[in-house]
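Single-structure report; data block below.
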Amino acid sequence: MTGTVTEVLHPLVQHKLGLLRDVTTTTQMFRQLVNELTLLLTYEATKGLADEEVEIETPLEHTTARRISGKKVAVCPILRAGVGMLDAVLSLVPGARVGFIGLFRDEETLQPVEYYVKLPGDVAERDVILLDPMLATGNSTAAAIETVKRAGATSVRLIALIAAPEGIERVHRDHPEVPVVVAAVDRELNEKGYILPGLGDAGDRLYGTK
Ligand code: URA
């Protein structure tokens, strides 16, 4: 996958996304839906991982099977809302290492401020999956991609739940080779940098901090 945006239109994804957006959805339900949506988006985002044929024994006979080969995965949630997506990826890719990137958005300038970075030592040899539920202005996501690239990563993909067109453009301006997998590309950003129609503040809705 290169430089692509994949909007996953599968009915399960779109059904769950509608529930996620709904203002009456509880925090508990919201967390569960983020987990389920991330599972489904991870399925799509990992489609291009290299695999190889291996020989195995079933209880009945010798046969061949496919096994993921090549690079191992580093999954990197952007704090704090990206953490709500982490368990889903780890349940599908249990051998992945985890890196954390702490960025907050200065609400005045809308520019990212990096306050914490802890990446696997061998991130350069891994396929990086960045997790950021809301690709809004794209400034913090582009900065996070820059951070993992600075650490040597050459294979980076992004899973977001909802993206604004502005965010996709911003990320692909600096990082055109990064594939983006989302449940929806929404209409626009408002003057405060929120995605419309969106779902509000993903971190607040995940952690009940509104
Ligand atoms: N971050 C969010 O949590 N929601 C938005 O709409 C934009 C950025």
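Just so you know, ligand 1 is whichever comes first in the structure, and atom 1 is the first atom listed for that ligand.
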Enumerate, atom names and distances included, each donor-acceptor pair closer than 3.5 Å involving a side-chain atom of residues 63-73, sequence neighbours excluded.
| residue | atom | partner | partner atom | Å |
| --- | --- | --- | --- | --- |
| Arg66 | NE | Asp51 | OD2 | 3.4 |
| Arg66 | NH2 | Asp51 | OD1 | 3.1 |
| Lys71 | NZ | Thr154 | OG1 | 3.2 |

Any luck finding a side-chain donor-acceptor pair between Arg170 and Ser140 under 3.5 Å? no

Would you please say whether a donor-acceptor pair under 3.5 Å links the side chains of Glu114 and Thr147? yes

Quick check for students: name every N or O atom pair between ligand 1 and the protein closer than 3.5 Å, with distances.
| residue | atom | partner | partner atom | Å |
| --- | --- | --- | --- | --- |
| ligand 1 | 3 (O) | Ala202 | N | 2.7 |
| ligand 1 | 4 (N) | Gly200 | O | 2.7 |
| ligand 1 | 6 (O) | Ile195 | N | 2.8 |

Anything under 3.5 Å between a donor and an acceptor, one on a side chain of residues 85-103, the other on a protein residue two or more places apart or in another chain? List them.
| residue | atom | partner | partner atom | Å |
| --- | --- | --- | --- | --- |
| Ser91 | OG | Asp87 | O | 3.4 |
| Ser91 | OG | Ala88 | O | 2.8 |

Check: Leu33 and Thr25 side chains under 4.5 Å, non-hydrogen atoms: yes

Listed once per pair and sorted, the ring pair (Phe, Tyr, Trp, His ring centres under 6.0 Å) pairs that draw on residues 111-145, sequence neighbours left out: Phe104-Tyr115

